Each structure stands twice: as structure tokens, then as C-alpha cells.
Asker: 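So that we are looking at the same thing, I have put the structure below in C-alpha cells.
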Number of protein chains: 2
Amino acid sequence: MISLTEENYLKALFNLANNAGEVNVNELSKQLAIKMPTVTSMMKKLAEKKLVYYESYKPLRLTEKGKKEAALVVRKHRLTEMYLVDKMGFGWEEVHDIAEQVEHVRSAQFFDKIDELLGFPKLDPHGAPIPDKNGKLAWVSYDKLSNCHAGDIVKVSAVIHTSSEFLKFLNNREISLGTKIKIKSIEPFDRSMVVSYGNRPADTLSHIVCERLLVTFG
Amino acid sequence: MISLTEENYLKALFNLANNAGEVNVNELSKQLAIKMPTVTSMMKKLAEKKLVYYESYKPLRLTEKGKKEAALVVRKHRLTEMYLVDKMGFGWEEVHDIAEQVEHVRSAQFFDKIDELLGFPKLDPHGAPIPDKNGKLAWVSYDKLSNCHAGDIVKVSAVIHTSSEFLKFLNNREISLGTKIKIKSIEPFDRSMVVSYGNRPADTLSHIVCERLLVTFG
DNA sequence: TTATTTTGTTAGAATAATCTAACATTGTAG
DNA sequence: CTACAATGTTAGATTATTCTAACAAAATAA
Ligand SMILES: [Mn+2]
Ligand SMILES: [Mn+2]
Ligand SMILES: [Mn+2]
Ligand SMILES: [Mn+2]
């Protein structure tokens with residue numbers, strides 16, 4: 001049995017893992033706003049449960065079992081967010097905090113029903129992929145808008161670090177998933193981009209913003 | 001701040017309260033499947049928080065504040081059940097356990113939205129009244145079918161002790177809220193009732209069942 | 001390479017929620 | 001009005017989760 005607290009640690013490990021699947025105690029501590037000694041002791045406990053590989057002073061890694069359990073929590077989170085947006089009429093900036101709680105409901109039936117009512121969606125409202133019932137995540141590759149070049153025409157496909165404030169900012173700028181953006185020029189000084197999209201012929205996006213927008217070509 | 005655990009105690013107190021608003025430690029202990037000493041210590045804690053009146057060896061009573069907080073938890077529970085049945089297609093026998101968990105979500109927006117999507121329902125899928133946002137409960141008075149007489153024609157309006165098993169039994173017998181039942185005779189030996197309803201001209205309902213069906217006349 | 005900063009661990013304590021064992025009070029049946 | 005049963009409380013312990021203070025290792029800078 002995995003407790004609510006343990007689910008939150010697993011999810012954070014999953015979301016923070018780099019290419020090598022590694023996470024530092026310090027990052028995890030910051031992500032969860034829980035002090036490092038507490039994180040260390042929880043990692044020992046999760047290692048006991050065969051959910052995490054833990055060795056002193058080494059980076060943390062989820063085991064296969066841990067990855068699967070983590071993905072299932074992420075699945076519950078993302079399905080919930082999608083349901084809140086598509087079926088209940090919430091804005092994409094409102095759903096994360098609610099999903100943070102609903103994700104801990106223990107009822108396969110409940111999430112299966114959500115999945116079905118949504119028509120088995122592949123992506124959540126922020127463009128993140130939804131793991132399947134076996135915890136398998138279909139990998140989707142996006143580029144950061146900040147890595148694109150002048151003249152490129154791209155489509156906003158996902159957002160990262162989805163704070164409510166950032167999403168409200170995008171709402172004000174009328175940027176949402178699917179928005180087609182043309183990069184008119186890039187300011188070398190601060191790497192801000194002058195872009196055009198929708199009915200905005202010349203809008204400027206700061207580098208901070210461009211780093212958080214994931215795009216696809218074509 | 002009221003913890004998930006405290007919410008469960010408050011809800012149980014609310015649901016168990018008799019006419020005088022009193023609950024015994026023992027009943028509460030059984031309801032929650034938590035040992036009496038644990039209940040006693042929790043009652044002291046809730047008394048500290050001014051949610052419960054507690055005196056040694058006296059029956060437990062919710063304070064006004066406690067009643068309101070309890071009613072708000074009951075509201076979340078019943079709204080959730082109604083949503084699961086009306087908007088998600090669950091059966092009335094499937095929703096209690098899920099609502100037991102969802103009721104602890106802390107988000108006024110979430111439950112306000114549910115309320116709105118349901119059109120501000122007054123009753124849950126088991127016929128129980130839904131407290132308003134101020135924790136006020138509109139009192140509805142039903143009679144037990146077991147207190148009715150031969151010849152009476154009544155409408156099933158609510159069910160009590162809504163275990164999944166009991167509700168599945170009602171599903172098999174094709175009894176639901178709104179079913180009109182005519183009492184043909186009452187067996188004095190075991191107080192079972194021979195009734196007719198729907199397309200069942202003569203069905204027998206045991207006293208146990210009749211005690212759990214709440215009905216209205218007219 | 002030595003000093004300093006950053007990261008991570010250990011030790012010890014706190015809070016919340018729970019339990020069992022033992023004791024006390026209340027209620028009930030003769 | 002006792003005796004027994006039922007109910008309720010106290011004491012002490014346990015588990016889960018968290019913290020601060022102190023120490024240790026690793027990484028970085030000088
Ligand atoms: Mn989210
Ligand atoms: Mn969470
Ligand atoms: Mn219920
Ligand atoms: Mn509950």
C-alpha cells in the first residue's frame with residue numbers, strides 16, 4: 001500500500017527525473033518544500049519498499065516498480081486535469097491544485113470512468129502525455145520556443161512549469177495549445193522574441209516565457 | 001484547519017446524532033471502526049477546537065461551529081455522490097466509497113462547480129438532503145415503510161444504511177427512488193410485507209428491508 | 001591543493017493518529 | 001442493593017511524517 005505522502009514523493013521523482021532518470025535529494029526537497037533530512041529518510045523507506053534505489057550521496061532513481069507506480073499517479077493527475085477542463089468547464093490555470101488532491105483517490109473504477117468519458121485522451125490540458133493503465137508513457141518530443149529561430153513558424157503544443165500565474169499570463173496574451181506563432185525576430189540582448197500570432201501582428205515574448213512554451217513544427 | 005481525519009469524525013457525529021443531538025463514544029467508535037480510547041482523545045482535541053462539547057462520561061454533542069463544519073463535509077459527500085450518479089453514470093450502489101474520499105478535497109470552487117452543473121440539487125441519489133453552503137439542512141420527513149399499513153400506497157423516497165449490498169438487492173428487486181409501492185398485506189409472524197409495484201404484482205419484502213426504505217404518501 | 005560552499009546524513013525531538021492493557025464509572029439484573 | 005456487564009478513561013507504546021541542529025562528504029573556487 002502506497003500512502004498519499006509516498007504518492008507525492010513518487011510523482012515528484014518521476015517529474016524531476018533527468019535523461020538518466022536521476023534526481024538529487026536537494027531538488028526533490030525543493031520541489032516538495034520538505035527539508036532534506038525528511039527526504040533522506042523517506043527515500044530509505046521507499047528503498048525498503050523497492051520503489052527507489054538509494055545509496056548514500058548518490059543520485060536517487062526510481063526502480064521499475066517505482067516508475068510504474070509513479071506513472072499511475074501521474075496518470076490520475078493528468079486524467080483529472082483533463083476532466084476538469086473538458087467536462088466541468090474549468091480553465092487550464094485552475095485545475096492543477098484540485099488535481100493534486102483528486103489524484104490520491106483510490107478507485108480504479110473512478111479513473112477508468114473519467115478516461116472513458118473523455119474518450120481515452122493521450123494528452124492533458126497542458127499538452128503533457130497521459131501514461132496508460134500499465135504506467136507506460138508515450139514519448140512526445142517538443143522543442144522549446146526559445147530554441148527556435150527567426151522565420152520559424154511553430155505551433156504551441158505544451159507548456160512547462162505550469163503555474164497558475166504563467167497560465168493566466170498566457171490567457172491574457174491569448175496564447176493556448178494550438179496557437180500558431182511566427183518568429184519575426186530575436187533580440188540578442190535579452191533573447192526576447194518578437195512574434196506574430198492570432199490577431200497580434202507584433203507581440204514580444206521574454207526569454208523566460210519562450211523557455212516555457214513547447215512547440216512543434218509543421 | 002480541519003484534517004481529513006477530523007472531518008471523518010465530524011461527519012460521523014453528524015450522521016449519528018439523535019433528536020437531542022447526542023452521540024455515545026461507543027457508537028462513534030463502532031461507526032468509525034476506531035477503538036474507544038482513540039475516540040476519547042480525538043473528542044478532547046475537537047473540544048479544544050470548539051467543535052464538540054466534551055465532558056467525561058457524558059454523551060458527545062457537536063457545537064454550532066462543529067455542526068456547521070460537519071454539515072459542510074456532508075454537503076461535499078452528497079454533492080459528490082449526486083455528481084457521480086447523474087453526470088458520470090455510476091450506479092447508486094457504487095458511489096459511497098468514492099465520495100468518502102472525494103469529500104476531503106479542499107476547494108470551494110470544485111464543489112461549487114459540481115453544485116452548478118447539477119442545477120443545485122436538494123437531495124442526493126439516496127434521497128438524503130444536501131446541506132446548503134452555510135451548513136443548513138432543509139429537514140425532510142419520511143416514514144419508514146415498516147411503519148405503514150396494509151392498503152397504503154406509498155412512494156420510495158430515500159434509503160437508509162445505504163450499503164452497497166442493500167442497494168444491489170434493491171436493484172435486483174427493481175426498487176429505486178420514486179417507485180410506488182402498494183402494501184397488500186403484512187405477515188404478523190415476521191412483519192414481512194406483501195407488496196405490489198412496477199410489474200411485480202406480489203413481491204415479499206422482509207422487515208429488515210422495510211425498515212430501510214423511507215417513503216412518502218400522496 | 002586547500003578553503004569554502006553546497007549537498008547530504010545522523011541524531012534527536014515533535015505532532016498526529018492509532019493501539020492495547022489496565023482501571024474507573026455507569027447501567028442493569030437479580 | 002449488590003454483582004456483573006457495558007461503557008468510558010488513563011497510561012504508555014507505536015507508526016508515519018515532519019522538523020532543527022550538528023556533522024560529513026562532495027563539489028567548487030581560490
Ligand atoms: Mn498538474
Ligand atoms: Mn498530490
Ligand atoms: Mn454516502
Ligand atoms: Mn471520508
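Every chain is numbered from 1, with letters handed out A, B, ... down the list of sequences. Nothing here was measured: the structure is a model prediction, and the numbers come from that model.
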Asker: Which listed nucleotide (dT7(C), dC19(C), dT9(D)) is nearest to the side chain of Met36(A)?
Answerer: dT7(C)
Asker: For the pair made of CD in Glu6(B) and P in dT18(C), what is the distance, rounded to whole Å?
Answerer: 10 Å
Asker: Take the protein atom CE of Met42(B) and the nucleotide atom C1' of dG8(D), then report the distance between them rounded to whole Å.
Answerer: 17 Å
Asker: Mind checking Thr38(B) for me? I need base, sugar-phosphate or nothing, with any heavy atom below 4.0 Å counting as a touch.
Answerer: base
Asker: Does dT9(C) have OP1 or OP2 under 4.0 Å away from a side-chain N or O of Tyr54(A)?
Answerer: yes
Asker: Out of dT18(C), dT7(D), dG8(C), which nucleotide sits closest to the side chain of Thr40(A)?
Answerer: dG8(C)
Asker: Listed in order of residue number, which residues of residues 10-25 of chain B have a non-hydrogen atom at under 4.0 Å from DNA chain D?
Answerer: Asn24(B), Val25(B)
Asker: How close or far is atom P of dT7(D) from atom CD of Glu27(B), stated in whole angstroms?
Answerer: 9 Å
Asker: With the side chain of Pro37(B) defined as its heavy atoms from C-beta on, choose the nearest nucleotide among dT9(C), dT20(C), dT18(C).
Answerer: dT20(C)
Asker: Please work out if Lys44(B) contacts a base, only the sugar-phosphate, or nothing of the nucleic acid, heavy-atom cut-off 4.0 Å.
Answerer: sugar-phosphate
Asker: For Lys58(B) and dT26(C), give me the distance from atom NZ to atom C1', rounded to whole Å.
Answerer: 13 Å
Asker: Does a side-chain N-to-carboxylate-O contact under 4.0 Å join Glu6(B) and Lys49(B)?
Answerer: yes
Asker: Can we say Lys67(B) and Glu64(B) salt-bridge, meaning some charged N sits less than 4.0 Å from an Asp/Glu carboxylate O?
Answerer: yes
Asker: Side chain of Lys35(A) only, heavy atoms from C-beta on: which candidate in dT9(D), dT20(D), dT9(C) is closest?
Answerer: dT20(D)
Asker: Between atom CD in Glu55(A) and atom C1' in dA24(D), what is the gap in whole Å?
Answerer: 18 Å
Asker: So, are Lys133(B) and Asp115(B) salt-bridged, with charged N and O less than 4.0 Å apart?
Answerer: no
Asker: Quick check on dT10(D): is either OP1 or OP2 less than 4.0 Å from any side-chain nitrogen or oxygen of Tyr57(B)?
Answerer: no
Asker: Between atom CD of Gln31(A) and atom CG of Leu16(A), what is the distance when rounded to the nearest 0.5 Å?
Answerer: 4.5 Å
Asker: Which whole-number value in Å describes the distance from Leu4(B) CG to dT18(C) P?
Answerer: 10 Å
Asker: Taking atom P of dT9(C) as reference, at what distance in whole Å does atom CE of Met43(A) sit?
Answerer: 10 Å
Asker: Atom CE of Met1(A) and atom P of dA16(D): how far apart are they, to the nearest Å?
Answerer: 14 Å
Asker: Going by the ring pair (Phe, Tyr, Trp, His ring centres under 6.0 Å) test, which pairs reach into residues 90-111 of chain A, not counting sequence neighbours?
Answerer: His77(A)-His96(A)
Asker: Apply side chain to side chain donor-acceptor pair (under 3.5 Å) to Lys11(A) and Asn15(A), showing your working.
Answerer: CA-CA 6 Å; Lys11(A) 184 158 63 79; Asn15(A) 287 328; over 6 Å; no
Asker: Would you please test His126(B) and Leu177(B) for side-chain contact (heavy atoms from CB on, under 4.5 Å) and show each step?
Answerer: CA-CA 7 Å; His126(B) 308 110; Leu177(B) 296 193; 5.8 Å; no
Asker: By the 4.0 Å heavy-atom rule, please label Ser3(B) as base, sugar-phosphate, or nothing.
Answerer: sugar-phosphate
Asker: With nearest nucleotide decided by heavy atoms, which residue, Ser41(B) or Lys30(B), maps closer to the 5′ end of DNA chain D?
Answerer: Lys30(B)
Asker: Going by an N to O cut-off under 4.0 Å, is there a salt bridge joining Glu103(B) and Arg78(B)?
Answerer: no
